[in-house]
Structure formats: structure tokens, C-alpha cells
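This report concerns only the one structure given below.
Residue numbers begin at 1 in each chain, while the letters A, B, ... track the order of the sequences. Because the structure is a prediction, the values reported are computed rather than measured.
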Amino acid sequence: MQRLSVAQARKEESIGKEALIQGWVRTRRDSKGGFSFLEINDGSCLNNVQVIADQNLSNYESDIKKLGTGACVGVVGTVEKSPAKGQATEVRAQSITVYGVSDPETYPIQKKGATFEFLRTIAHLRPRTNTFGAIARVRNCVCKSIHDFFQEQGFLYIHPPIITASDCEGAGQMFKVTTLDLEKPPRQGPSIDFTKDFFGRPAFLTVSGQLEAETLACAMGKVYTFGPTFRAENSNTARHLAEFWMVEPEMAFYDLEDNMTLAEAFIKRIITDALTRCEEDMKFFTERIDKEILSRLEGILKSEFLRLSYTEAVDVLQKSGQTFEFPVSWGADLQSEHERFLTEVHFKKPVILFNYPRTIKPFYMRVNDDGKTVRAMDVLVPGVGEIIGGSQREERLEVLEERMKETGLDPKGYWWYLDLRRYGTVPHSGFGLGLERTILFLTGMANIRDVIPFPRTPGSAEF
RNA sequence: UCCCCGAUAGCUCAAUGGUAGAGCAACCGGCUGUUAACCGGUUUGUUGUAGGUUCGAGUCCUACUCGGGGAGCCA
């Protein structure tokens with residue numbers, strides 16, 4: 001017996017096929033004509049396939065009439081042209097196997113809508129809803145796009161360590177990794193003796209694979225990482241996770257302009273693929289989540305990202321006449337409200353800001369000839385704000401060492417990073433893109449906890 | 001972490017300090033090639049936790065827990 005996914009069974013070309021369809025019951029409607037309609041979903045697509053279960057089925061009264069939302073079944077039957085509106089095909093059942101019943105008294109998912117807050121408390125069951133099924137498929141699509149885009153351009157997929165000893169860039173709080181007994185850790189004087197720890201030194205979960213990616217870029221040319229990243233910062237917002245996925249390309253012989261060009265092409269490729277490969281799901285997001293999603297994404301594809309230096313951006317903001325909660329002044333970091341104004345109100349399209357003051361950016365960014373700014377770039381998009389952060393890296397040994405001292409870092413701890421500049425240094429660039437923020441941007445979902453199956457946030461690691 | 005808001009039936013929400021309700025779901029019945037089906041009926045509560053004020057607290061006060069919105073930090 002041929003197995004058909006619901007997505008296949010819904011297609012007109014499947015008419016006439018005898019097949020096995022397996023999935024979960026979304027609803028059951030009984031007809032006093034002596035049969036029932038079952039809506040079956042298996043995650044292969046947004047919509048369900050309608051099954052006609054006739055009373056002649058041996059288990060019609062005993063099993064079928066009792067099927068509730070959430071039950072799992074296997075249906076052997078014939079795909080037929082549906083006489084009614086709403087679907088091209090339907091399946092006339094010859095037999096139905098009930099794999100697992102679902103008690104309607106206690107099953108928490110109902111036919112009518114539930115809030116995302118409630119669904120978060122049942123993260124193990126929410127993939128069975130339309131919204132979370134659609135998110136899972138779009139997320140998968142984006143991941144494939146990421147690999148396709150870089151692979152087609154000759155990038156090498158590399159794997160930086162998840163456990164790291166370098167407290168890199170001082171960006172955010174890190175999770176400690178230890179096998180020491182926290183009840184009575186070994187001590188050397190007043191402080192904990194980490195030489196007794198598993199790695200013989202303090203170790204952490206990575207906050208970025210950038211420094212390690214640079215070592216491979218300085219040998220292989222164009223590389224990218226794609227994996228989990230951890231930040232122990234106590235951030236409670238709709239845009240932050242303690243564990244999230246990040247893509248970090250790193251390219252030798254790329255300057256900042258090359259970097260910006262790549263970032264723009266990358267984002268456009270992800271959008272294009274989502275619109276073409278997840279058409280049904282994207283339409284769903286437009287209808288049910290954010291009415292402007294499709295038009296916004298299509299608009300972005302047509303427009304060229306605006307490139308604006310930090311200095312110019314400060315000028316635009318100061319002359320805008322807009323009153324901000326936080327004042328704009330050269331040298332201060334831009335606030336969320338400033339970034340949103342630029343991309344959502346003033347320019348109404350993605351904006352790439354570059355050449356930030358050196359005092360507000362990390363040590364590894366290349367210092368410009370003016371001595372005051374560094375070759376940093378942030379890509380801002382409407383609806384989400386910063387989605388990409390990147391830079392051209394400082395390739396000059398003396399400047400890099402000076403910058404490390406300036407930001408209070410000990411160059412000795414970064415001896416291997418400095419070696420890259422000591423032996424055959426090369427101009428190079430890279431950026432990081434947060435996967436979950438990209439999904440927010442694509443789907444119009446409001447909370448980052450709803451675009452990852454099992455969100456990790458301060459005080460929350462259930463499931 | 002800071003500021004603001006919230007927590008009442010399985011879900012979504014009502015209830016001038018005076019006996020806790022509705023819609024949906026569920027269950028029973030009716031009707032129907034139905035499709036968030038429809039119509040009638042039935043059931044559902046230690047009002048987040050712990051204290052306090054009061055003759056009387058879902059309602060006022062305090063603390064805590066959890067959640068939401070905003071901010072900071074960032075991807």
C-alpha cells in the first residue's frame with residue numbers, strides 16, 4: 001500500500017489512487033446520513049485532508065464516532081474528487097486504524113483559537129496547531145536556504161566549538177561549564193581553583209563562533225558557521241533567547257562593502273525561498289498574523305538596501321523633528337527607537353548602518369583612517385530592528401593589540417587570534433544573523449518564544 | 001535587572017466592597033455532503049499563593065510566584 005502525505009493527498013493528481021494516510025484528527029463532523037467527516041493533518045502542509053468515514057466501516061460505531069481532536073489514525077482509502085467546496089480532493093475510507101485516542105475532556109487544544117501565552121505552557125502539543133506547524137515548516141525552509149545560499153557560492157560549512165575558554169568580545173554574560181562540585185568547590189586561597197576543573201581552566205558556552213571562524217577563513221577563504229549560541233544575559237524581551245541559533249559567515253579578502261553586498265543578497269535569498277517554497281504558510285501568516293507581511297517582504301525584494309554611515313544617521317535623526325525618549329548625539333549608541341524610526345518611518349525599507357564610533361564597538365572591528373570610527377555594520381529591517389551585526393575585522397597586529405588594551409582585554413589570552421595577524425594576515429569580514437529573529441521578520445510573529453519549539457529564557461526551561 | 005499592566009470554569013473573558021456569570025469547548029438530543037457547521041438542553045469554580053483591612057473581599061492593602069507590554073543589553 002502506497003503511503004501518501006496529506007500534502008500529496010490534497011493534490012488533484014492523486015485522484016484515483018488507493019493509499020494509506022496517517023495523521024492526527026483535527027475535527028470530526030457527523031452526518032445523520034450515516035457517515036462522518038474527519039479532518040486529518042500530518043504536518044506535511046497547513047491544510048487538512050477530508051476523510052469520508054462511512055457507517056459500513058467495521059469500527060464505525062465503536063471507534064470512529066468517538067474520535068476526538070488530537071486522536072491519531074491511519075486511513076486506507078481512495079483519493080476522490082471532492083464534490084464540495086473547500087478542497088480539491090477527499091479520501092473515501094475503506095478502513096481506519098486508530099493508533100491512539102485523545103480524550104476530549106482533557107486534551108488542551110481546541111478547535112477555536114488559543115492565545116500564544118497559553119500554547120507556550122503546552123509546548124509539547126503546540127506543533128499540532130496551524131500556526132506552529134507553519135512556523136516549523138518556514139524555519140526548516142530558512143535553514144535550507146542558508147545552506148543553499150552559502151554552498152552555491154563556495155562557502156565551507158565549519159563547526160566552531162560550543163564549549164569555549166575564551167571570554168570573547170565581552171558580549172553578554174556567559175554560561176559556565178563545569179564539573180566541579182558546586183557544594184564544595186576546590187579553592188586556592190579565597191578563589192575557586194579552576195585548574196581542578198574538567199578543562200583545567202574556566203570554560204563557557206559559546207556566545208559567538210566568530211573568532212574561531214576567523215581562523216578557518218584565514219585558511220579556507222569563505223566559511224560559515226550555523227549552530228546554537230548561548231547568552232546568559234537576564235534579558236526579558238520578545239526578541240531575546242538564552243539559547244538561539246546563529247549563522248556567521250566569515251570571508252577572507254572581503255572588505256566592508258563586500259560584506260554589506262553579501263548580507264543584502266543573503267536576506268533577499270531567504271525571503272525569496274520562503275515566498276516560493278512556503279507559499280501556503282506565508283499566505284496563512286498574512287491572513288492570520290500580520291496583514292502586511294507579504295507586501296512588506298515583496299517590497300524589500302524590490303528595493304535596494306539603503307547604506308548610511310552612523311554619522312549620516314545621527315544627522316538624519318537630529319534633523320527629523322521627531323522627539324525621542326533618548327536624545328541623539330554623536331558618540332552614543334543608537335537606541336531601539338532610533339533604529340526603528342530610520343527603517344520603519346523615515347526610509348521605510350531595510351537600512352545598513354556602518355562606520356560606528358570606535359568607543360561603542362568591540363576590539364576586533366577595523367579602525368578607519370579617521371581614527372574615530374570602526375568598520376562596523378548593522379542591518380536594520382522593519383518590524384524587527386537589528387537582524388544582522390557584522391564588521392570588517394582589524395587585520396593589523398599593532399592596531400589590534402592597542403584596541404585590546406583600550407577595551408581592557410589581555411592580549412595574552414588571545415595569542416592564537418593575534419597569530420592570525422602575525423602570520424600572513426589578510427583583510428577579512430563577516431557578520432552574524434540570528435535565525436529566530438529572521439523567522440520573526442518573515443512570519444510577522446511578535447514573540448521570539450513562539451518561533452523556536454522549546455524556548456530557553458530566564459527562569460524558563462520546561463520541556 | 002528596571003518601569004507599567006495582569007492572573008476568575010478546560011479556553012477567551014465579565015462581575016458600583018454585599019449569594020461568582022457569559023461565549024466557546026465538553027456531554028446529551030435534533031438537523032445536515034459537512035468543512036472554525038448549525039439548533040436546543042446539561043455539567044463545570046479552594047477567583048495564582050500567603051498574610052492583612054472589613055460585619056462582609058474576586059474587588060482594597062502588603063509580600064511572593066507566574067505571565068504580558070515597554071526599557072536596557074543584543075542576534
Side-chain angles (χ1 to χ4, degrees), chain A residues 26-40 47-54 66 68-70 80-87 90 92 102-122 129-130 169-173 207-210 226 228-248 263 288 324-326 333-337 339-340 360-362 378-381 384-390 431-441 446-452 457-460 462:
Chain A
R26 285 292 179 81
T27 76
R28 190 195 81 233
R29 293 181 294 274
D30 298 328
S31 167
K32 273 297 179 296
F35 56 95
S36 298
F37 298 98
L38 297 176
E39 296 266 355
I40 309 295
N47 289 304
N48 312 317
V49 71
Q50 175 166 282
V51 171
I52 313 300
D54 192 83
K66 291 174 187 160
T69 305
E80 299 179 346
K81 183 175 167 61
S82 178
K85 282 178 189 166
Q87 62 277 319
E90 61 188 28
R92 186 162 296 275
S102 175
D103 182 0
E105 287 280 3
T106 54
Y107 188 61
I109 297 175
Q110 300 176 354
K111 290 177 212 174
K112 296 236 173 180
T115 58
F116 293 135
E117 290 82 15
F118 170 68
L119 290 173
R120 255 172 244 155
T121 67
I122 49 166
T129 64
N130 287 337
E169 58 182 304
Q173 285 286 106
V207 293
S208 165
Q210 181 201 317
F226 183 25
T229 309
F230 307 88
R231 305 273 167 98
E233 195 83 315
N234 192 5
S235 298
N236 281 291
T237 82
R239 300 153 23 85
H240 285 84
L241 289 167
E243 176 183 315
F244 64 99
W245 281 62
M246 187 155 66
V247 190
E248 293 179 288
R288 306 297 282 265
F324 297 106
E325 189 185 344
F326 295 91
D333 212 351
L334 297 179
Q335 304 290 321
S336 299
E337 58 171 341
E339 296 181 343
R340 293 180 81 97
I360 58 171
K361 288 293 180 184
D378 283 351
V379 180
L380 314 178
V381 292
V384 174
E386 184 181 342
I387 197 169
I388 278 180
F431 61 81
L433 171 118
L435 177 65
E436 286 76 15
R437 285 193 183 171
T438 306
I439 311 290
L440 286 181
F441 166 65
N447 196 310
I448 200 162
R449 295 164 195 193
D450 297 329
V451 297
I452 186 169
T457 53
S460 173
E462 183 90 26

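- Of the two residues near RNA chain B, A/Pro104 and A/Arg92, the one whose nearest nucleotide lies more 5' is A/Pro104.
- Using a 4.0 Å heavy-atom distance criterion, A/Pro108 is classed as making no nucleic acid contact.
- OP1 or OP2 of B/G72 has at least one side-chain nitrogen or oxygen of A/Ser336 nearer than 4.0 Å.
- Counting non-hydrogen atoms under 4.0 angstrom, A/Glu90 reaches a base of the nucleic acid.
- Among the heavy atoms of the strands, none lies under 4.0 Å from A/Leu435.
- In this structure, A/Arg231 contributes its side chain and A/Leu241 its backbone to no donor-acceptor pair below 3.5 Å.
- Counting heavy atoms from C-beta outward, A/Gln173 and A/Asn234 have side chains that stay 4.5 Å or more apart.
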Report all interatomic pairs (protein N or O, nucleotide N or O of nucleotides 36-47 of chain B) with separations under 3.5 Å.
unit_1 : atom_1 : unit_2  : atom_2 : d
B/A37  : OP2    : A/Arg29 : NH1    : 3.4

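- For A/Arg231, the listed nucleotide lying nearest its side chain is B/C74; candidates were B/C11, B/U34, B/C74.
- In this structure, A/Arg239 contributes its side chain and A/Val384 its backbone to a donor-acceptor pair below 3.5 Å.
- Residue contacts for A/Thr115: at a heavy-atom cut-off of 4.0 Å it reaches the sugar-phosphate backbone alone, with no base atom in range.
- Note: CD (A/Glu386) to P (B/C73) measures 11 Å, nearest angstrom.
- Judged by Watson-Crick or G-U wobble contacts below 3.5 Å, the nucleotide B/G6 has B/C66 as its partner.
- B/A36 and B/A26: their P atoms are spaced 15 Å apart (whole Å).
- B/G10 and B/U46: their P atoms are spaced 7 Å apart (whole Å).
- Rounded to the nearest Å, the gap between the C1' atom of B/U12 and that of B/G45 is 16 Å.
- Nucleic acid contact for A/Gln87: base, since at least one base atom lies under 4.0 Å from a heavy atom of the residue.
- Nearest to the side-chain atoms of A/Arg437 among the listed nucleotides B/G69, B/C11, B/C74 stands B/C74.
- For B/A25 and B/A37, the P atoms lie 8 Å apart once the distance is rounded to whole Å.
- Residue order along RNA chain B, read from the 5' end via each residue's closest nucleotide, puts A/Gly459 first among A/Gly459 and A/Ile360.
- Computed from coordinates, the A/Glu248 CD to B/C74 P distance equals 15 Å when rounded to whole Å.
- Listed nucleotides B/A75, B/U34, B/C27 differ in distance to A/Ser82; the shortest reach to its side chain belongs to B/U34.
- Rounded to a whole angstrom, the distance from the P atom of B/A7 to that of B/C61 is 13 Å.
- Within the 3.5 Å criterion, the main-chain N or O of A/Thr69 finds a donor-acceptor partner in the side chain of A/Ser102.
- Annotation: side chain of A/Glu325 is not in contact with side chain of A/Gln335 (no heavy-atom distance under 4.5 Å).
- Comparing the C1' positions of B/C28 and B/C66 gives an interatomic distance of 38 Å, to the nearest angstrom.
- Closest to the side chain of A/Gln110, out of B/G67, B/G33, B/C11, is B/C11.
- Protein atom CZ of A/Arg28 is 9 Å distant from nucleotide atom P of B/A26, rounded to whole Å.
- A donor N or O paired with an acceptor N or O is not found under 3.5 Å between the base of B/C74 and the side-chain atoms of A/Ser235.
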- Report the C-alpha separation of A/Arg120 and A/Asn447 in whole Å, then their side-chain angles, then the decisive distance to 0.1 Å, and conclude whether the side chain to side chain contact (heavy atoms under 4.5 Å, CB included) test is met. CA-CA 11 Å; A/Arg120 255 172 244 155; A/Asn447 196 310; 3.6 Å; yes
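- Distances were taken from every side-chain heavy atom of A/Leu241 (C-beta onward) to each of B/U35, B/G67, B/A75; the shortest belongs to B/A75.
- Closest non-hydrogen pair, A/Glu436 versus A/Val451, comes out as O-CG2, 3.6 Å.
- When each of B/G33, B/U12, B/A26 is scored by its nearest atom to the side-chain atoms of A/Phe118, the top-ranked nucleotide is B/U12.
- Taking only side-chain atoms of A/Lys85, from C-beta outward, the nucleotide of B/U35, B/G68, B/A75 with the closest atom is B/U35.
- The pairing partner recorded for B/C27 is B/G41, the criterion being a Watson-Crick or G-U wobble arrangement whose two distances lie under 3.5 angstrom.
- Across all strands shown, A/Glu325 has no heavy atoms under 4.0 Å from either base or sugar-phosphate atoms.
- Between A/Gln50 and A/Arg29, the shortest heavy-atom distance links the atoms OE1-NH2, 3.2 Å.
- Remark: P of B/C3 and CZ of A/Phe326 are 14 Å apart, rounded to the nearest angstrom.
- With A/Glu339 contributing its side chain and A/Gly385 its backbone, the two residues share no donor-acceptor pair below 3.5 Å.
- Checking the phosphate oxygens (OP1, OP2) of B/U35, no side-chain nitrogen or oxygen of A/Asn47 falls inside 4.0 Å.
- Using a 4.0 Å heavy-atom criterion, one finds that A/Ile387 contacts the sugar-phosphate atoms exclusively.
- One atom, CD of A/Glu339, and another, P of B/A75, lie 11 Å apart when rounded to the nearest Å.
- Using a 4.0 Å heavy-atom distance criterion, A/Arg449 is classed as a sugar-phosphate-only contact.
- Straight-line distance from the CD atom of A/Glu243 to the P atom of B/A75: 17 Å, rounded to whole Å.
- A stacked arrangement is assigned to A/Phe244 and the six-membered base ring of B/A75, with a centre-to-centre distance below 5.5 Å and an interplanar angle below 30°.
- Within the 3.5 Å criterion, the main-chain N or O of A/Phe326 finds a donor-acceptor partner in the side chain of A/Glu337.
- Comparing the same atom, P, in B/C39 and in B/G21 gives a spacing of 24 Å after rounding to whole Å.
- Using a 4.5 Å heavy-atom threshold, the side chains of A/Thr457 and A/His240 count as separate.
- Distance from the side chain of A/Glu105 is smallest to B/A26 among B/G68, B/A26, B/A75.
- One atom, CD1 of A/Ile109, and another, C1' of B/C11, lie 12 Å apart when rounded to the nearest Å.
- Taking the C1' atoms as reference points, B/G58 lies 14 Å from B/A9, given to the whole Å.
- The base of B/U34 sits within donor-acceptor range of the side chain of A/Gln50, with an N or O pair under 3.5 Å.
- Whole-Å rounding puts the A/His240 NE2 to B/C73 C1' distance at 6 Å.
- A pairwise comparison of heavy atoms in A/Asp378 and A/Gly389 identifies OD1-CA, 3.6 Å as the closest pair.
- Pairing partner, B/U1: B/A71, with both Watson-Crick or wobble hydrogen-bond distances short of 3.5 Å.
- Under the Watson-Crick or G-U wobble criterion, with both distances below 3.5 Å, B/U35 has no partner in any strand shown.
- Scanning atom types as modelled, no donor and acceptor separated by under 3.5 angstrom connect the side chain of A/Arg340 and the base of B/G70.
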